[in-house]
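The next block holds one structure in the form of structure tokens; read it before the comments.
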Amino acid sequence: MPFWWSKPKKVALLQQVTLFEGLSRKQLEQISRLSDELEVPPGKQLATTGDTGKEFFIIAEGQAIVTTARGRKVRLGPGEFFGEMSLVDGEPRSSNVEAATLMRLLVVGHREFWQLLESTPTLTRKIMRTLSRRLRDAEKAVSA
Ligand code: CMP
């Protein structure tokens with residue numbers, strides 16, 4: 001684990017991620033245990049359309065660009081997440097995701113993703129809300 005991400009620092013970082021707003025310290029510690037930290041340079045490909053998806057990513061710092069199968073670009077920043085679709089339905093990655101800047105991410109494996117959703121209903125609701133919004137946006141983009 002890098003020196004700047006020792007356990008208390010990791011929890012402090014999690015406290016700043018808007019996705020985790022309102023969670024207790026105990027819940028944050030659980031997320032800290034279930035996730036790995038990852039730092040990537042700009043240009044790093046984090047998801048590739050058609051690949052099997054094995055991880056869920058939460059952005060702590062930096063920006064990513066999602067390029068959907070129809071070529072639409074969506075920018076994601078701190079507090080946002082990606083990779084949930086493949087983990088939820090078991091289908092291949094729907095889009096490419098690339099780091100637009102240096103990024104710090106939290107990465108959650110498949111089994112840990114479901115553990116997290118089962119133990120933290122607040123998080124489950126937020127992920128469902130975002131999924132629903134992404135679906136509506138995709139529908140709008142198709143009919144535009
Ligand atoms: P997944 O399909 O697992 O891998 C690519 C990810 O890109 C996908 O999960 C979502 O997290 C993300 N993604 C796909 N479409 C959109 C969108 N319209 N807006 C934001 N993120 C998206």
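Whatever order the structure lists them in is the order used to number ligands and atoms, beginning at 1. One is the number of the first residue; the rest follow in order along the sequence. These numbers come from the heavy atoms of this one structure, side chains and all, not from hydrogens, waters or symmetry mates. Bear in mind that the values here come from a model prediction, so they are computed numbers and not experimental data.
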- Query: Is there a donor-acceptor pair under 3.5 Å between the side chain of K44 and the backbone N or O of E39?
  - Reply: no
Taking the side chain as everything from C-beta on, heavy atoms only, tell me whether [X] gets closer than 4.5 Å to [Y].
X	Y	result
V97	I65	no
L76	Q63	no
E112	E55	no

- Task: Anything under 30° is parallel, anything over 60° is perpendicular, the rest tilted; go ahead and classify F82 against F57.
- Result: parallel
- Identified salt bridge (charged side-chain N to carboxylate O under 4.0 Å, His left out) partner of R134 from the options E139, E84, E80: E84
If the contact criterion is a heavy-atom separation under 4.0 Å, does [X] count as touching ligand 1?
X	result
G83	yes
E91	no
G53	no

Closer than 4.0 Å to some heavy atom of [X] - which atoms of ligand 1 meet that?
X	value
F82	11 (O)
V66	7 (O), 13 (N), 21 (N), 22 (C)
R72	18 (N)

Taking [atom] as the reference point, the nearest protein heavy atom with its distance:
atom	result
atom 14 (C) of ligand 1	S95 OG, 3.4 Å
atom 4 (O) of ligand 1	R93 CD, 3.1 Å
atom 17 (C) of ligand 1	R134 CG, 4.0 Å
atom 11 (O) of ligand 1	E84 OE1, 2.6 Å

- Kindly confirm or rule out an N or O of S94 lying under 3.5 angstrom from an N or O of ligand 1. yes
- Query: Less than 3.5 Å between some nitrogen or oxygen of T68 and one of ligand 1, yes or no?
  - Reply: no
- Item | Modelled atom types, side-chain donor and acceptor of Q30 and S119, under 3.5 Å | yes
- Short version for V97: what comes under 4.0 Å of ligand 1, heavy atoms counted, is side chain
- Item | Within reach of ligand 1, part of V74 (heavy-atom separation under 4.0 Å) | side chain
- In one Ile/Leu/Val/Met/Phe/Trp/Tyr side-chain cluster, 4.5 Å: W114, L116: yes
- Message: I'd like to know if E29 and R25 make a salt bridge, using a cut-off of under 4.0 Å between side-chain N and carboxylate O.
- Response: yes
